[in-house]
Engineer: 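I have a structure here, written as structure tokens, and I will follow up with some questions on it.
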Number of protein chains: 2
Amino acid sequence: MKDPGRRPTPFPRRGHNHAKCVRHALVAAAELCARQGERLTPLRRRVLELVWSSHQPIGAYAILDRLKTDGRSAAPPTVYRGLEFLLEQGLVHRIASLNAFIGCADPGHAHSVQILICTQCGAAAELDDGRVNKALGRSAAENGFSVEGRIVELSGVCGSCRGGGDRARAGHRPHVA
Amino acid sequence: MKDPGRRPTPFPRRGHNHAKCVRHALVAAAELCARQGERLTPLRRRVLELVWSSHQPIGAYAILDRLKTDGRSAAPPTVYRGLEFLLEQGLVHRIASLNAFIGCADPGHAHSVQILICTQCGAAAELDDGRVNKALGRSAAENGFSVEGRIVELSGVCGSCRGGGDRARAGHRPHVA
DNA sequence: GCGGTTGGTGTTATATTATAACATTAACAC
DNA sequence: GTGTTAATGTTATAATATAACACCAACCGC
């Protein structure tokens with residue numbers, strides 16, 4: 001997101017207060033829906049909460065399983081409808097390369113983002129770098145192409161997993177080949 | 001293979017000699033495999049030919065159907081193995097947003113490309129714009145992320161479709177510089 | 001309230017995409 | 001030729017996604 005102060009990483013710290021992330025996402029969603037005149041029903045809210053259950057992208061069927069353990073009646077369309085709504089509202093992003101979903105860190109603002117996917121910890125984060133968007137737009141325009149939608153997904157290793165930042169020390173990560 | 005002169009569009013003209021595209025792709029593939037010491041078997045060659053049967057991305061099961069009508073014994077793994085090989089050699093690209101495949105226009109050179117997908121004619125083309133790659137790399141690096149793989153897929157309208165069919169027929173050049 | 005309309009959800013079935021696991025055959029090395 | 005490996009054949013199933021129709025509840029105009 002556009003943070004004037006440069007952040008070392010858009011990935012959350014290990015051991016951060018994740019409940020806060022979830023709470024914030026739900027509040028922001030409620031506000032956004034209220035503004036838009038859209039209904040954040042209990043089901044939709046619950047799907048969003050499940051998407052936010054971690055910073056790792058979650059698949060539709062994982063969400064489905066968790067809805068079922070809620071005791072709720074649920075089938076694939078239940079989940080996909082919820083996700084469709086959340087996607088339309090810009091509350092979640094779909095990650096095409098994983099067939100999975102992640103909560104949008106900046107709903108209502110970021111409409112075209114670059115997704116970073118850490119192959120080591122599995123977390124995904126988003127950027128919205130104007131220079132990237134500009135370069136993409138210019139490149140397309142020069143080639144006679146008028147852009148409607150963009151998918152940008154980078155896989156690699158996040159700063160934390162690389163050992164650079166705050167948490168390499170704290171923790172120790174599983175050996176992943 | 002990399003054309004230093006800028007082209008008005010990376011999309012082929014309507015009515016171009018497509019047989020030539022296919023022939024060229026197959027020759028280039030044979031050469032590349034020879035150089036790499038890899039085996040372009042009849043099956044792999046046929047899968048590549050089918051991927052190149054048009055400039056529209058083709059799904060694995062469409063390839064499968066066509067293999068079957070060849071009279072050849074074929075099942076999903078047949079196709080996916082062929083595609084896996086071709087992907088490894090850089091002879092085809094997978095388009096994550098479509099679950100489909102397209103022949104690589106510049107095998108052996110372009111390893112990280114931007115895919116343009118025309119929502120009107122369904123064709124896909126690729127670019128390898130250094131400025132885009134640079135912007136992506138810089139953006140990631142500034143955020144502590146070390147990039148391993150990139151997926152960039154832009155959907156929109158290609159130059160030929162933007163002006164209506166007439167321009168494409170006439171071989172008209174899109175106006176954007 | 002009543003009745004119609006709409007949007008959301010429930011439910012069943014099926015389509016689409018992809019891989020696991022093991023058997024068989026072809027190519028090559030010696 | 002025989003053993004080894006790579007490639008393909010074959011069967012089964014996993015994983016992802018949507019179609020189609022039924023039901024219900026909220027809202028709307030009256």
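Proteins get letters first, then strands, A, B, ... in listed order; numbering begins at 1 in each.
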Engineer: From CG of A:Leu83 over to P of C:dG8, roughly how many Å is that when rounded to an integer?
Structural biologist: 15 Å
Engineer: Between A:Ser53 and A:Arg66, do the side chains contain an N or O donor and an N or O acceptor separated by less than 3.5 Å?
Structural biologist: yes
Engineer: Is the distance from OP1 or OP2 of D:dA17 to the nearest side-chain N or O of A:Asn99 less than 4.0 Å?
Structural biologist: yes
Engineer: Within the structure, does a side-chain N or O atom of B:Ser73 lie under 4.0 Å from either OP1 or OP2 of D:dT8?
Structural biologist: no
Engineer: With a 4.0 Å limit, can you tell me whether A:Tyr80 has a side-chain N or O closer than that to the phosphate oxygens OP1/OP2 of D:dA17?
Structural biologist: yes
Engineer: Does A:Arg150 reach the main-chain N or O of A:Asn133 with its side chain, forming a donor-acceptor pair under 3.5 Å?
Structural biologist: yes
Engineer: How do B:Leu98 and A:Ala74 order along DNA chain C: which one's closest nucleotide is nearer the 5' end?
Structural biologist: A:Ala74
Engineer: In whole angstrom, give the distance that lies between atom CG of B:Leu64 and atom P of D:dT11.
Structural biologist: 14 Å
Engineer: May I have the distance from B:Leu86 (atom CG) to D:dT8 (atom P), rounded to whole angstrom?
Structural biologist: 10 Å
Engineer: Between the base of D:dG9 and the side chain of B:Arg72, is there any donor-acceptor pair under 3.5 Å?
Structural biologist: no
Engineer: Using a strict 4.0 Å threshold on nitrogen-to-oxygen distance, state whether A:Arg46 and A:Glu49 make a salt bridge.
Structural biologist: yes
Engineer: Testing the basics here: between B:Phe85 and B:Cys33, what is the closest heavy-atom pair and its distance to 0.1 Å?
Structural biologist: CZ-SG, 4.0 Å
Engineer: Between D:dA19, D:dA17, D:dA12, which nucleotide has the shortest distance from any of its atoms to the side chain of A:Phe101?
Structural biologist: D:dA17
Engineer: Tell whether A:Tyr61 reaches the base of D:dA17 with its side chain through a donor-acceptor pair below 3.5 angstrom.
Structural biologist: yes
Engineer: Could you tell me the separation between the CG atom of B:Leu43 and the C1' atom of C:dA26, rounded to a whole number of Å?
Structural biologist: 13 Å
Engineer: If the cut-off is 4.0 Å, is B:Thr41 near the phosphate of D:dT8, judged by side-chain N/O to OP1 or OP2?
Structural biologist: yes
Engineer: Mapping A:Ala75 and B:Arg39 onto DNA chain D by nearest heavy atom, which one lands closer to the 5' end?
Structural biologist: B:Arg39
Engineer: Specify the separation, in whole Å, of atom CD of B:Glu84 and atom P of C:dT19.
Structural biologist: 8 Å
Engineer: Which whole-number value in Å describes the distance from A:Gln36 CD to C:dG7 P?
Structural biologist: 17 Å
Engineer: Let me know the distance between CG of A:Leu87 and P of D:dA17, rounded to the nearest Å.
Structural biologist: 11 Å
Engineer: Where each residue is assigned the nucleotide of DNA chain D containing its nearest heavy atom, which of B:Arg81 and A:Ala100 is assigned the position nearer the 5′ end?
Structural biologist: B:Arg81
Engineer: Without decimals, in angstroms, what is the distance between B:Phe85 CZ and D:dT8 C1'?
Structural biologist: 14 Å
Engineer: With distance as the sole test, does B:Asp129 use its side chain to make a donor-acceptor pair with the main-chain N or O of B:Arg131 at under 3.5 Å?
Structural biologist: yes
Engineer: Has A:Arg44 got a side-chain N or O lying under 4.0 Å from the OP1 or OP2 atom of C:dT9?
Structural biologist: yes
